[in-house]
Protein chains: 2
Amino acid sequence: MITIKDIAVEAGVSKTTVSRVLNHSGKVSENTRKRVQKVIDKYDYQPSESARALIQQTTKMIGVVIPNVYNDFYNEVLQGITQVADEKNMSLIFCNTNENPNKEEKALSMLKGQRVRGVIMALASDNPDRELRTRVEEQIAELNAPVVFIDRTLPLPNDSVIFDGFGAVYRATEELIKAGNKKIGIITGDISLKIGKDRLDGFLQAMKDYKLPINKSYIYYGNFLVDRAYELSSKMYDSGDYPEAIITSNNDTTIGFLRATRERSIELGREIAMIGIDHITILDTIGYKYSHIARDFVGTGIKAMQLLFNKIEKPYSKPKKVIMPFTVNLMGTEKRRKSKMQTLFNSKL
Amino acid sequence: MITIKDIAVEAGVSKTTVSRVLNHSGKVSENTRKRVQKVIDKYDYQPSESARALIQQTTKMIGVVIPNVYNDFYNEVLQGITQVADEKNMSLIFCNTNENPNKEEKALSMLKGQRVRGVIMALASDNPDRELRTRVEEQIAELNAPVVFIDRTLPLPNDSVIFDGFGAVYRATEELIKAGNKKIGIITGDISLKIGKDRLDGFLQAMKDYKLPINKSYIYYGNFLVDRAYELSSKMYDSGDYPEAIITSNNDTTIGFLRATRERSIELGREIAMIGIDHITILDTIGYKYSHIARDFVGTGIKAMQLLFNKIEKPYSKPKKVIMPFTVNLMGTEKRRKSKMQTLFNSKL
DNA sequence: ATGAAAGCGCTAACAT
DNA sequence: ATGTTAGCGCTTTCAT
């Protein structure tokens, strides 16, 4: 591999001068600058970032830790992250933890070894082991770089970009009530997580505020994943006793629910009303619409990066907790139409 | 940040000894090993990869260049890539080119600066500019690391993992013919790309082999993207003259086609037959099934990494071109049922 | 305006 | 079994 010395020799200058040309720093006569640049271009010379990192005691790398590449949420967040990284000329080290706390731990060690400037992190969902969680907290403290949490947080004074799950589900419940539904249920996320509990609480609070009875058997305890939501929905339908309206707690929950619903040829917006948390782009595109609360996934990634760079520049600034706004998109499935009319969801298997 | 020297001092040994403990190399007495390890653990010390890279003249980083994070294909490929990277203890530098050749160029420069060991690359689709393409070829040559192409290739002697688009579409056409369709059309990909041309050719060849007439107006020239496929499908339907059966050239093309089809409440598998290239997981999960040719996305990423590591270990091995197998999944939409029976696709808007 | 020299954190060759 | 030393490719004083 060609080095700065090779360039220097060929251009007939010192390494220092080449460095100055590379970094547009110090004084270089226009003449030598041109001569040096010509040699750089000739070999398409790129200085070693490792060597730079070593002498400058800092890198141009940001770590990105994500639990799952199949979920649109993280992909779109990643889109936002790459946008900002491009602008800032930063490289991203990508880690997929597959929702596995051990991989999360490995990822953080690796990122520490790489001396990343900062980390954007969406925690693995299942941190059942109190000890493992403490371990992650330790690692974050020892990383020597700011960490911004996305979606899921830890009780640490870090920046974070989160979603008002309570407010969103409260609002979803309200909309269902306004649309005339009284018997309302919810497929929850993992309620051992704050983001799961919050959403359930939003539902309970709205029901209370509107003085509607809560039927405990209409609360289906899920885990934010497709399979569990599918199972719960299937049992719900097969029991014969199901609510007039249901709330699904995130995109994967919605998918599991839709699967069970379609399998039984149950018509959304007629036989059962529904509002889901999260927008599912592809379903929307093909015209498979359902009422939902949407949050800005790409924007979440952008915001997280902004917080991160702010923290990198001002390490002692007060931690910020950004709550991303949501929008309500009513597409009709929040109601139950009386007549058997044409809908988007009559899927007679 | 704590360094090897700090560890050495605290453990009362030389840096060399610490290095030996870190790398399980050379001879260290059990006693000192323990003492040193204790200090390492105490500080959760991670050696600087930059410093290592510098002295060892090699990194543990693999570059991943992908044109689009919204497409399931790339996300699942990424899943495969991360799996292998984990096993091999390699880090991934992730670059999203957004189908933009300029970003592609920037990404390759950056990866060169990072001295990556190798690169997995899915080229940006639109390389209209002959000069830009030459530029990318130059950069690949100057990268000093093997590059494995995914899906799209360049006329270079590189390893690649590709898809038998010709065979897949040939097979799709055959299935449509066997199902009784005669007037068959196709929404193509970008036929200025080999992967686009191949798929069209597979269609033409099958039609020819089965001695069916090709109606040129049933060939819809797309670009592998949703919007264009939607436009083309819309015009196709609105013209009143559309084929009995249609082939969509990739997942995004399928999405655009489905959108137009659903908007018009046209029933797939009754009013029009269809086979799509690529499996769309989420549609399948919710029970929105259509006949398709599936390729193994995750496996593509795994295979690419295997080729890459093989090349890293044996730099002068002969370039391999792996053609991923495909499977045919007939779900019913390859036929046109005579009666208005219940199907998965009656979407009466 | 240019260069010489030191040094970043590590590893490896060479003592001892 | 352990340590000393040199040096990887850069940037940054400090001279000139």
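Just so it is clear: chains get the letters A, B, ... in the order the sequence lines come, proteins before strands, and each one is counted from 1.
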Review point. Using a distance-only test with no angle check, is there a side-chain donor-acceptor pair under 3.5 angstrom linking N144(B) and R117(B)?
Key: no
Check your understanding: Does CG in D41(A) sit with more than 12 non-hydrogen atoms of other residues, nucleotides or ligands closer than 6.0 Å?
Key -> yes
**Study point:** Quiz item: cation-pi between R295(A) and F73(A), 6.0 Å / 45°
**Key:** yes
**Study point:** Interatomic distance, L54(A) CG vs dT11(D) C1' [rounded to whole Å]
**Key:** 11 Å
Point to revise | Sugar-phosphate only, base, or nothing, as touched by T32(A) at under 4.0 Å among non-hydrogen atoms | key: sugar-phosphate
Practice item. Answer yes or no: does a side-chain N or O of T17(B) lie under 4.0 Å from OP1 or OP2 of dG3(D)? Key: yes
Review point. If an axis is fit to five pairs at each end of the helix from dA1(C)-dT16(D) to dT16(C)-dA1(D), what is the angle between the two, to the nearest 10°?
Key: 40°
Check your understanding: Side chains of I120(B) and M305(B): does their closest heavy-atom pair fall under 4.5 Å?
Key -> yes
Review point. Is Q57(A) near enough to dG7(C) that one of its side-chain N or O atoms lies under 4.0 angstrom from OP1 or OP2?
Key: no
Point to revise | Reading 5' to 3' through nucleotides 10-15 of chain C, protein heavy-atom contacts under 4.0 Å coded B for base, S for sugar-phosphate only, - for none | key: BBBB--
Check your understanding: Is it true that K320(B) and D159(B) have a side-chain N and a carboxylate O under 4.0 angstrom from each other?
Key -> no
Check your understanding: In whole Å, what is the span from the CD atom of Q114(A) to the C1' atom of dG9(C)?
Key -> 14 Å
Review point. Which listed nucleotide (dG3(D), dG9(C), dA4(C)) is nearest to the side chain of S14(A)?
Key: dA4(C)
Review point. Roughly how many Å is it from CZ in R35(B) to C1' in dA1(D), rounded to a whole number?
Key: 12 Å
